[in-house]
> 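Quick one: structure below, then a few questions.
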Amino acid sequence: MTDTPAGSPSAPAEYPQFIPQAGACLATTHVLSGAGVVRWMLRKPSQAGADNGWRIMSHIDTSEYLSDPSSWTITDFNRVCAIEPALIGIWDLEVGSDLQLVRDERGLTIVDTPTGRVVPPENLYVPPQHRA
């Protein structure tokens with residue numbers, strides 16, 4: 001598994017295990033380096049045993065950038081959650097999910113891209129240690 005260099009401010013070398021056995025995902029180097037903020041999340045079918053299917057992209061990623069394999073890094077899903085904690089909530093959403101993280105005056109909202117509907121908070125994952 002490859003990752004960003006240890007000590008990177010956006011992808012810390014050490015981070016909490018928000019989700020036990022969360023698996024790996026693909027994230028763009030813009031997300032991991034901090035050059036861009038998390039904006040788009042797609043869940044594809046798993047490509048390998050550890051792959052949870054999530055593909056995490058930033059607000060500055062273009063189609064051309066995304067088509068270049070060197071723009072992507074395999075990383076621990078908990079690591080991208082350390083960069084953007086809102087990702088914890090999407091962890092167990094179904095394959096085929098196509099989401100965007102919207103930042104506005106109200107804060108962060110997770111929106112289903114095809115429908116434009118807000119994903120209700122009760123549909124989001126809550127780690128076992130935070131359940132009532």
> Using a 4.5 Å cut-off on heavy atoms from C-beta on, say whether the side chain of W91 contacts that of P127.
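Counting from C-beta outward, P127 and W91 never come under 4.5 Å.
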
> Going by side-chain heavy atoms closer than 4.5 Å, which hydrophobic residues are tied to V111, directly or by a chain of links?
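Other cluster members: V102, V118.
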
> Of all residues at least two apart in sequence or in a different chain, which pass the side chain to side chain contact (heavy atoms under 4.5 Å, CB included) check with S71?
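Only Y65, D68 meet the side chain to side chain contact (heavy atoms under 4.5 Å, CB included) criterion with S71.
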
> Give me the atom names and distance for the closest heavy-atom approach of L108 to A86.
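Closest pair (atom of L108, atom of A86, distance): CD1-CB, 4.2 Å.
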
> Can you see which heavy atom on L66 is nearest to which on W72, and at what distance?
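Taking L66 first and W72 second, the nearest heavy atoms are O-NE1, 2.8 Å.
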
> Using the side chain to side chain contact (heavy atoms under 4.5 Å, CB included) rule, take L32 and V80 through it: C-alpha gap first, then chi angles, then the decisive distance, then the call.
CA-CA 7 Å; L32 296 173; V80 294; 4.0 Å; yes

> Specify the closest pair of heavy atoms between S58 and W40, including all atoms of both residues, with the distance to one decimal.
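Taking S58 first and W40 second, the nearest heavy atoms are O-CD1, 3.6 Å.
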
> Quick one: are T109 and Q100 in side-chain contact, heavy atoms under 4.5 Å?
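Result no, sub-4.5 Å side-chain heavy-atom pair not found.
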
> If we only count heavy atoms from C-beta on, is the L87 to Y125 side-chain gap below 4.5 Å?
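They are not in contact (no side-chain heavy atoms under 4.5 Å apart), so the answer is no.
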
> Run R79 and E14 through salt bridge (charged side-chain N to carboxylate O under 4.0 Å, His left out) and show every step you take.
CA-CA 8 Å; R79 182 165 274 200; E14 297 203 20; over 6 Å; no

> With salt bridge (charged side-chain N to carboxylate O under 4.0 Å, His left out) as the rule and sequence neighbours excluded, what pairs involving residues 42-59 come up?
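Matches after skipping sequence neighbours: D51-R55.
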
> Begin from the C-alpha positions of I90 and F77 and carry the test side chain to side chain contact (heavy atoms under 4.5 Å, CB included) through to its verdict.
CA-CA 11 Å; I90 71 166; F77 190 73; 4.1 Å; yes

> For the residue pair V31 and M57, what are the closest heavy atoms and their distance?
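Of all heavy-atom pairs spanning V31 and M57, the closest is CG2-C, 3.6 Å.
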
> Who are the salt bridge (charged side-chain N to carboxylate O under 4.0 Å, His left out) partners of D98, not counting sequence neighbours?
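Here no residue qualifies.
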
> Listed by chain and number, what are the salt bridge (charged side-chain N to carboxylate O under 4.0 Å, His left out) partners of R117, not counting sequence neighbours?
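Listed in chain order: nothing, the list is empty.
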
> Find the distance between CG (L26) and OG1 (T73) and round it off to the nearest 0.5 Å.
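Between L26 CG and T73 OG1, I get 8.5 Å after rounding to 0.5 Å.
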
> Of all residues at least two apart in sequence or in a different chain, which pass the side chain to side chain donor-acceptor pair (under 3.5 Å) check with Q17?
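Result, side chain to side chain donor-acceptor pair (under 3.5 Å) vs Q17: N78.
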
> Roughly how far, to the nearest 0.5 Å, is CD1 of I56 from NE2 of H30?
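H30 atom NE2 to I56 atom CD1 measures 15.5 Å (nearest 0.5 Å).
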
> Between atom CD1 of I74 and atom SG of C25, what is the distance when rounded to the nearest 0.5 Å?
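So the gap between those two atoms works out to 10.0 Å.
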
